[in-house]
Structures are given as C-alpha cells and as structure tokens.
Amino acid sequence: MSNEQLDTLRDQLDEINLKMLELINERGKIVKEIGQVKRKSGINRFDPVRERKMLDLLAANNEGPFETGTIQHLFKQIFKASLELQEDDHRKALLVSRKKQADDTVVEVKGAKIGGSEPILVAGPCSVESYDQVKAVADNHTAHGLKLLRGGAFKPRTSPYDFQGLGVEGLEILKRIGDENNLGVISEIVDPKDIPLATKYVDVIQIGARNMQNFELLKAAGSVDHPVLLKRGMSATIEEFILAAEYIVSKGNTKVILCERGIRTYEKATRNTLDISSVPILKQETHLPVLVDVTHSTGRKDIIPQTAKAALAIGADGVMVEVHPDPAVALSDAGQQLNIDQFNDFLDTLKGSGLLKNKVSV
Ligand code: PRE
Ligand code: MN
C-alpha cells in the first residue's frame, strides 16, 4: 500500500470519527433529557430491560465486520457512560473532593490552624508513660512556641504482649498538660465506643494506620464535632485513604486531617516507604489538610530533617514527629524517637530552611 493510499484511508477515518463524535454527543444530549424526565417522575435511571432491547436490535441488524459480541460490548460502554452523564455532577463528587469544595479546609485546634497559610508541627512521645515524661516534652513545646502535642494512650501494637498504653489514665495526663501549657493534644482512639469519651480529653482524635478501614470507628468519629487525624493504612491505596476520610465526612464531621505515614513495600532500609508523591495528589484531589509523619514512615532518626523538608517542600500542611525525654527507656518505638536536644536541633534546621514560614502551594 502506498503512503498516499494510507493517507486517504486515514482521512476517511478522521471524517468517520468526527461523525461518530457528533452522533455520540447527540445521543448524550437525548440521554440527559431522558435523565431529567426520569428524575421528575422518580424512575430508576438504570433500565436493563431497555438496554437488552437495544442490544437485541443491534444484534439483529449487525452486518459486520465486527462481531455482534464486540458491538454489544462497545454499546454497553456507551450505556454506562450515558448513566454517568445522567447523574448530576454535584452529586457524583465525593464530599472530601476539591470538585465539591475548591477552598482548603482549615482545622482550628486551640488557636492553631492546620491547613492554613503556615505549616504546623505536631510532636510528642509515641506513648504517654507518665505525667513527668509528657510534661518535659510539653514544656519544651511551650519554650519554642509549638502548639500541638501528640501522645498515645491506647496503643494498637503488633504484638499483644507489647505495651498497650495507659488508656484513660493516659488521656487524663494529656488533658491536664494540654490545659496547663495551652497545647492542643492529639491521641489515638481504637474503639468506636471510646469516641465520645475522647472528645472530653483530647483536641484531636487520631485514627491510626491499623484502623484506617475500621468503618465503625470511622463512622463513630464522623458522628462527633471534633477534629480527626486520619492516618493512611500501611497497605492502603490513595483512593482507599480518600474513601476512608469520606466515611468520616459523610457522617457530618468535616474536620478531618489526613496523615501520610508511609506504606509497606519490600524496602527494608526504612520502617515504611514514605510515599511523598501522595502529598500533592491528596492536596489536588481533596480539600483536606495533609500532614506527613516522618517518624513512622522512616523509623530512622538520621533522616527525619531531610524527609520533613521534603514533605514541606512538596506542599504538606505540616509534619508529625516523635520526641521523648529519654527515648532509650521508652515503652514503645524506643529506636526512632528523638530526644529533646535532637528535637530542638531538628526544629532549628526546619526554621532555618524557611519552610515553616509559608506553606508551599501545589
Ligand atoms: C439509556 C441509559 C441508561 C439506561 O440503563 C438505559 C438506556 C441509554 O443510554 O440508552 C438511556 C435511558 O436512560 C433510557 O432509555 O431510559
Ligand atoms: Mn510510635
């Protein structure tokens, strides 16, 4: 076949494509009208009987060269797309989606703004072990103008024999110190029935990675008017993470903060693999604030400053890090927590980078 012949045939296809495009869109307009009629009369949009009739008509008239099965498959795709066209765009978008809300959600916690124009630092020990232990960290926070303190009271541990946390006693310690130092406190809740209790003690309810798809917990957290920090599950896709947040928001609670904490991969040099690209994706797809937990994603103290800078540079609304007055004797995550001097050096590095001043927009 000469090049000229090929060009002529392709020209013919271009013409046909344009005609098909016109016809498909003409069909789309009629489908939308049908959609409006159906909505008014309360009729189901999906009509398998009608679809069967159309497929039968196509089969009876098909002269090839395409096989009837192929034609029916293509038309089924058109019916599917037509159904989507009939849904109004507003309803289709998730509540957490940027399409639904263009402006950033800003969650305020004791005067600190999460998701505002300045990035935020959330820090504190892995577990609440005693009043003195948490107080030492809190006093250092106060000395450096930090506003948010984390600490685990209920600890969902991989082994049932590991320290499970102080429970309500831990929440009481956090509450007391939060009041004394005027800090917003964040702690994880693992049982749906503890959610109302948590609202009395903490300023932000954390839902941990192991519970990201604990749907009853998500629904319980969505039913209170209290900020929720939702961590990405260790094997969760970004889509699953967003849908977990949707569970909370769909129950009425819009104060949701997302936290990337690394995902499980084959890599062993870090505890998890920090999925840094999830940050701009989550920022684009949703209107929720996004934090990066640099402690659990890496499990390594030596790369905390670098990963924190990367997180802020890529547009995160803040960073979460673990700090303990004496990490060597910590009851959980002893190896990865910074001591207070190391934490203050880390803070200096971040302040020096200028990245804590203004949020990088994506
Ligand atoms: C249409 C779309 C969806 C239904 O499942 C069946 C048919 C179509 O695309 O042809 C249109 C339509 O809504 C209808 O005929 O009732
Ligand atoms: Mn920890």
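These numbers were taken from a predicted model, which means no experiment stands behind them. For ligands, and for the atoms within them, numbers begin at 1 and follow the listed sequence.
- Heavy-atom neighbours of Lys80 NZ from other residues, nucleotides or ligands within 6.0 Å: at or below the threshold of 12.
- In this structure, Lys357 places its NZ atom where only 12 or fewer heavy-atom neighbours from other residues, nucleotides or ligands lie under 6.0 Å away.
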Please tabulate, one pair per line, all N/O donor-acceptor pairs under 3.5 Å involving side-chain atoms of residues 134-145, not counting sequence neighbours.
residue : atom : partner : partner atom : Å
Lys135  : NZ   : Glu180  : OE1          : 2.9
Lys135  : NZ   : Asn181  : OD1          : 2.7
Asp139  : OD1  : Asn181  : ND2          : 2.9
Asn140  : OD1  : His144  : ND1          : 3.4
Asn140  : OD1  : Asn344  : ND2          : 3.0
Asn140  : ND2  : Asn344  : OD1          : 2.9
His141  : ND1  : Val137  : O            : 3.3
His141  : NE2  : Ala123  : O            : 3.1
His141  : NE2  : Leu148  : O            : 3.1
Thr142  : OG1  : Ala138  : O            : 3.1
Thr142  : OG1  : Asn181  : ND2          : 3.0
His144  : ND1  : Asn140  : O            : 2.9

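- Ranking protein heavy atoms by distance to atom 16 (O) of ligand 1, first place goes to Lys38 NZ, 2.5 Å.
- Remark: of the listed residues Leu338, Val323, Leu146, Val321, Leu146 is the sole one forming a side-chain contact (heavy atoms from CB on, under 4.5 Å) with Leu347.
- Residue Phe66 qualifies as open at atom CZ: its count of foreign heavy atoms under 6.0 Å is 12 or below.
- Looking only at N/O/S atoms, Glu322 comes nearest to the Mn ion (ligand 2) through OE2.
- Given atom 9 (O) of ligand 1, the protein heavy atom at minimum distance is Arg27 NH1, 2.9 Å.
- When all heavy atoms of Val109 and Gly184 are compared, the pair lying nearest together is CG1-CA, 4.0 Å.
- Here is the list of ligand 1 atoms found below 4.0 Å of a heavy atom in Leu83: 3 (C).
- The Ile34 neighbourhood of ligand 1 comprises atoms 12 (C), 13 (O), 14 (C), 15 (O), 16 (O), with distances under 4.0 Å to a heavy atom of that residue.
- Here the Mn ion (ligand 2) is the vertex; the NE2 atom in His296 and the SG atom in Cys126 give an angle of 170° (to 10°).
- Separation of atoms NE2 (His324) and CG (Leu331) is listed at 7.0 Å; rounding is to 0.5 Å.
- Of all protein heavy atoms, the one closest to atom 2 (C) of ligand 1 is Ser82 CB, 4.1 Å.
- For ligand 1, the atoms closer than 4.0 angstrom to any heavy atom of Arg45 are 3 (C), 4 (C), 5 (O), 13 (O).
- In Gln86, the part holding a heavy atom less than 4.0 Å from any atom of ligand 1 is the side chain.
- One distance of note links CZ of Arg232 with OG1 of Thr237; it measures 7.0 Å at 0.5 Å rounding.
- Rounding to the nearest 0.5 Å gives a distance of 9.0 Å between NE2 of His287 and CG of Leu94.
- With respect to the Mn ion (ligand 2), Asp333 has OD2 as its nearest N, O or S atom.
- Residue contact check: Phe46 has heavy atoms under 4.0 Å from atoms 5 (O) of ligand 1.
- Ligand-side atoms of ligand 1 in range of Glu51: 3 (C), 4 (C), 5 (O), 6 (C), range being under 4.0 angstrom from any heavy atom.
- The protein non-hydrogen atom at the shortest distance from atom 7 (C) of ligand 1 is Met54 CE, 3.7 Å.
- With ligand atoms numbered from 1 in the order given, ligand 1 contributes 9 (O) to contacts under 4.0 Å with heavy atoms of Val31.
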